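Just follow the structure's listing: the first ligand is 1, and inside any ligand the first atom is 1. What you see below is based on every heavy atom in this structure, not just the backbone, and it leaves out hydrogens, waters and symmetry mates. Source: prediction; values computed, not measured.
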Amino acid sequence: MARRQFIAGNWKMNKTPNETVELINALKEKVAGINEVDVLVCPPFTALPKAMDAAAGTDIDVGAQNVHWEESGAFTGEISAPMLTELGVNCAIVGHSERRQYFAETDETVNNRTKAALEGGLHPIVCVGESLEQREADQTTSVVKRQFENGLGNLSADEIQQLTIAYEPVWAIGTGKTATPDQAQEMHACLRSLLEENYGAGIADKVRILYGGSVKSKNAAELLSQQDIDGALVGGASLKPEEFEGIVAAARS
Ligand code: 13P
């Protein structure tokens, strides 16, 4: 089954609300009228209202970079699903490696966030991926398997179809070192077979798996041509309109 390509920009801690409007305006011109590819940008929380306005009526969707598992309460600094959906935001990144690395995110909290996002009407993009140390110790498959099983293994068949998985090897993030298309495909195939074991072949065939880690316009086509790579989660290059345009163009071809 052909899965629709999905290019998502994770802006991380970049862009004020006004800068967000400028960047979305620049992107609008570049990716206008793209029907065959889903395009998403994820600015910081503070820029989401302006981002929603700037992207209204375009083919660009707007997502958040995280979401908490409770709807409200004493969780200083956190943002809940209803706070996002009231703005019209319908997607949130969950479990990014920077959250795991710097903010004590665990498989358990990833699971809690994912379930709350789904219950709250958000489409989660759930990130998994090994560190360099784990790859060098030959633990890549076991780490990704553990992240999948503990983070996603207890969802219903209905729920798993509402989300996207992103495979982001930590050593490839922001380093300029991309996984080779073969290395990425190997892990995407591994994730697809975990989906199959847990949820059956029909569902495994439907769930999109994005690759993330130093995706640029010049390496996108080769990565996206791999059988189990259904799009990209783009960091640095999503802040440069020409680069992002090139990646979206690669997804169309
Ligand atoms: P870079 O594209 O900057 O390597 O970041 C990837 C990433 O972390 C996307 O979530």
Side-chain angles (χ1 to χ4, degrees), residues 5-15 19-20 23 27 31 37-45 47-48 51 60-67 89 91-103 105 110 113-114 117 122-132 134-135 140 143-144 147-148 151-152 163-181 183-184 187-188 191 208-224 226 229-251:
Q5 290 274 326
F6 183 9
I7 304 298
N10 174 9
W11 292 9
K12 309 192 178 183
M13 197 175 72
N14 293 290
K15 305 295 173 188
E19 289 167 349
T20 294
L23 181 51
L27 290 174
V31 300
V37 180
D38 289 335
V39 178
L40 175 81
V41 295
C42 301
F45 288 129
L48 289 173
I60 302 173
D61 282 327
V62 175
Q65 296 176 20
N66 197 8
V67 60
V89 170
C91 194
I93 298 171
V94 172
H96 191 277
S97 65
E98 286 148 18
R99 302 290 325 164
R100 294 179 190 256
Q101 232 178 318
Y102 307 129
F103 302 101
E105 191 82 71
V110 169
R113 291 183 199 278
T114 302
L122 291 166
H123 171 106
I125 301 177
V126 183
C127 304
V128 297
E130 81 289 358
S131 66
L132 182 59
Q134 290 164 331
R135 177 161 279 263
T140 301
V143 166
V144 168
Q147 291 172 336
F148 178 93
L152 302 173
L163 59 75
T164 296
I165 298 173
Y167 169 62
E168 299 204 309
V170 179
W171 49 271
I173 295 178
T175 57
K177 277 192 214 163
T178 324
T180 64
Q183 282 174 321
M187 292 318 297
H188 282 237
L191 282 160
R208 291 185 292 193
I209 308 174
L210 312 184
Y211 169 77
S214 298
V215 177
K216 309 268 183 271
S217 60
K218 66 175 188 315
N219 60 23
E222 212 185 346
L223 287 159
L224 297 174
Q226 301 298 308
I229 301 185
D230 309 314
L233 183 54
V234 186
S238 70
L239 300 169
K240 299 179 188 150
E242 280 83 28
E243 275 293 305
F244 199 62
E245 177 187 23
I247 296 167
V248 173

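Listed by chain and residue number, nothing satisfies the ring pair (Phe, Tyr, Trp, His ring centres under 6.0 Å) test with F244 (two or more places apart in sequence, or in another chain).
At least one side-chain heavy atom of L233 sits under 4.5 Å from a side-chain heavy atom of I93. Two residues are said to be in side-chain contact when any heavy atoms from C-beta on lie closer than 4.5 Å; R208 and D38 meet this criterion. Looking at heavy atoms from C-beta onward, N66 lies out of side-chain contact with F103 at the 4.5 angstrom threshold.
Side chain to side chain, E168 and H96 meet the donor-acceptor criterion of an N or O pair below 3.5 Å.
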Could you give the N/O to N/O pairs under 3.5 Å linking ligand 1 and the protein, each with its distance?
residue	atom	partner	partner atom	Å
ligand 1	2 (O)	S214	N	3.4
ligand 1	2 (O)	G235	N	2.9
ligand 1	3 (O)	G236	N	2.9
ligand 1	4 (O)	G174	N	2.6
ligand 1	4 (O)	S214	N	2.8
ligand 1	5 (O)	K12	NZ	3.2
ligand 1	8 (O)	K12	NZ	2.8
ligand 1	8 (O)	H96	NE2	2.8
ligand 1	10 (O)	N10	ND2	3.0
ligand 1	10 (O)	H96	NE2	2.9
ligand 1	10 (O)	E168	OE1	3.2
ligand 1	10 (O)	E168	OE2	2.9

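Residue E222 places its CD atom among 12 or fewer non-hydrogen atoms of other residues, nucleotides or ligands, all under 6.0 Å distant.
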